[in-house]
Amino acid sequence: MEKLRILLIGSGGREHALAWKIRQSPLVKDLYCAPGNAGIAELAQCAEIKAEDIHGLLKFAKGKKIDLTVVGPEVPLVAGIVDLFEKEGLKIFGPSQAAAQLEGSKVFTKEFLHRRNIPTAGYKIFDKSQDALSFVEQADYPLVIKAEGLAAGKGVMICHSRQEAKDAVKQIMEDKVFQGAGNRIVAEEFLDGEEASVLAICDGERYVILAAAQDHKRIFDDDRGPNTGGMGAYSPAPAVTSDMMKLIDARVIEPTVRGMAKDGHPFKGVLYAGLMLTSSGPKVLEFNTRFGDPETQAILPRLKTDLVEVMLAACEGRLHEMALEWDPRACVCVVMCSGGYPGKYETGKKISGLQDAAAQPDAMVFHAGTMKSGEDVVTAGGRVLGVTALGNGIEDAIKNSYAAVEKIRFDHCFFRRDIGARALKKVHA
Ligand code: AMP
Ligand code: GLY
């Protein structure tokens, strides 16, 4: 078989981990990334095209005779990049615009889950702020208020009082802090439990489930402070025992893949189920329709199977031929971010110690918001690096990843010191 030219879209830690994994495939000849970052540039030829510029990306893919395009972030998926590429006969790994509604519209998802009897929090949908405001007057608290559309992970507000809920409704529906993403809201029951991320690669009808991971959404240790894109992750997730995984498969993944196919929106690509493991079983908090960030940085180092083969099989509707093999070791990813994130932060800070960090045992440094400035690598975003390491068990993986973190310096650098602590407690319990 002729070797492949691959285009990867995105610029985060997730995409660096994908580039790292794609590069290991003997099937691959050339790897391009748009737009990429300083770390990805060592593995791929980067092109300055934004991930949202789906027509620019199509032109590039045609020009370079790309055999397979892999989409990292959600925005181009929700904008219909897969439909656009497929109409032109190009192979692309990701869901159609219709299937990407599972991430793009929380209203679509809640209605789908309800119709298909898939467990999720009880909810109500509002398209008028007046109705939402009268509902929150008599609701039970805590109450969760969500903007319907994409809001870069910021559209979910956990409200502990009537006043907080009223403020949330006003901000989303009247002040339009998330623009059109807030035309409708979902008000839903607060769920208690441990969160887990379970990702499945799907071909429209069949799927293979990846090793489970857990994210750390809050900015500060002990899960305090505002939500972020994710401050660290580990895999495997001790909370997802093999019995729990069977339940998640039977109650969530299988009926979702089957339901989407029945509804005429067969799901191809990565179905990411964000779950709350409650005392009455796993419930869906949200779906994403792409690889998670930072979960991917903790999952892919454990995947022994050639990811390119799996993604090709998904695009060609032959996932039944694939079985995934996993490294039994644990993997931990610690996100190093710019001080101030998820609020305002400065960029352009010189990063030192990258090579020392990567030379630590079983460590990998995945770049997120970085760029080259002359000979230096400098910060260029909120989440800057995903410092990742394998270990024999979670304790070892935590030790190895923090040993690598200690080698890295940049001004106003911030990271959580308790990534993996919850898993460790569970293992020792
Ligand atoms: P989402 O973007 O819907 O996953 O929400 C972001 C985060 O908000 C989740 O990872 C949870 O930590 C939290 N969250 C969302 N929905 C609920 C809920 N119904 N109950 C409790 N926490 C929630
Ligand atoms: N880690 C959460 C996400 O990828 O959306």
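Atoms within each ligand, like the ligands themselves, are counted from 1 in listed order.
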Novice: How close do L68 and C315 get, counting heavy atoms only, and between which atoms?
Specialist: CD1-SG, 3.8 Å
Novice: Identify, for atom 9 (C) of ligand 1, the protein heavy atom at the shortest distance, and state residue, atom and that distance.
Specialist: E195 OE1, 3.6 Å
Novice: Nearest protein heavy atom to atom 2 (O) of ligand 1, by residue and atom, and its distance?
Specialist: E286 OE1, 3.1 Å
Novice: Under a 4.0 Å heavy-atom cut-off, which residues neighbour ligand 2?
Specialist: D215, K217, G229, Y272, N288, R290, G292, D293, P294, E295
Novice: Does ligand 1 have a heavy atom under 4.0 Å from the side chain of L285, from its backbone, from both, or from neither?
Specialist: both
Novice: Going by atom types only, do Q297 and D293 share a side-chain donor-acceptor pair under 3.5 Å?
Specialist: yes
Novice: Do you know which two heavy atoms are closest between I172 and F178, and how far apart they sit?
Specialist: CG1-CE1, 3.9 Å
Novice: Consider only side-chain N and O atoms of K110 and T120, and report whether a donor and an acceptor are under 3.5 Å apart.
Specialist: yes
Novice: Can you confirm whether the side chains of E325 and T305 place a donor and an acceptor under 3.5 Å from each other?
Specialist: no
Novice: Looking only at side-chain N and O atoms, does S96 offer a donor or acceptor that is under 3.5 Å from a partner on D83?
Specialist: no
Novice: Can you find a pair of side-chain heavy atoms, one from I145 and one from V156, that are under 4.5 Å apart?
Specialist: no
Novice: Taking only heavy atoms of K106 into account, list the atoms of ligand 1 that are under 4.0 Å away from them.
Specialist: 2 (O), 3 (O)
Novice: For F190, counting its heavy atoms only, list the atoms of ligand 1 lying under 4.0 Å from any of them.
Specialist: 20 (N), 21 (C)
Novice: Check each heavy atom of V144 against ligand 1 and say whether those closer than 4.0 Å belong to the side chain, the backbone, both or neither.
Specialist: side chain
Novice: If you have a sec, work out which protein heavy atom is nearest atom 7 (C) of ligand 1 and how many Å separate them, to one decimal?
Specialist: N227 ND2, 3.9 Å
Novice: Which residue owns the protein heavy atom closest to atom 22 (N) of ligand 1, what's the atom, and how far is it?
Specialist: I158 CD1, 3.6 Å
Novice: Starting from atom 21 (C) of ligand 1, what is the nearest protein heavy atom, named by residue and atom, and what distance separates them?
Specialist: L191 O, 3.3 Å
Novice: Can you say whether the rings of F108 and H265 are parallel (under 30°), tilted (30 to 60°) or perpendicular (over 60°)?
Specialist: tilted
Novice: Does M276 reach ligand 1 with a nitrogen or oxygen that is under 3.5 Å from one of the ligand's nitrogen or oxygen atoms?
Specialist: no
Novice: For L102, which of V284, T256, N288 qualifies under side chain to side chain contact (heavy atoms under 4.5 Å, CB included)?
Specialist: T256
Novice: Give me the residue, atom name and distance of the protein heavy atom closest to atom 16 (N) of ligand 1.
Specialist: K146 NZ, 3.0 Å
Novice: Between E295 and Q214, is there a side-chain donor-acceptor contact under 3.5 Å, judged purely by atom types and distance?
Specialist: no
Novice: What do we get for D215 next to ligand 1 when only non-hydrogen atoms under 4.0 Å count, side chain, backbone, both or neither?
Specialist: neither
Novice: Considering the heavy atoms of E188, write down every atom of ligand 1 situated less than 4.0 Å from one of them.
Specialist: 16 (N), 17 (C), 18 (C), 19 (N)
Novice: Taking the ring of F112 and the ring of F287, is the distance between their centroids below 6.0 Å?
Specialist: no
Novice: So, do Y341 and F414 have ring centers that fall under 6.0 Å from each other?
Specialist: no
Novice: Ignoring hydrogens and angles, write down the donor-acceptor pairs under 3.5 Å from the side chains of residues 69-81, residues two or more places apart or on other chains.
Specialist:
| unit_1 | atom_1 | unit_2 | atom_2 | d |
| --- | --- | --- | --- | --- |
| E74 | OE1 | R290 | NE | 2.9 |

Novice: What residue and atom, counting heavy atoms only, is the protein's closest point to atom 8 (O) of ligand 1, and at what distance?
Specialist: V156 CG1, 3.6 Å
Novice: At under 4.0 Å between heavy atoms, is it the side chain or the backbone of E189 that contacts ligand 1, or both, or neither?
Specialist: backbone
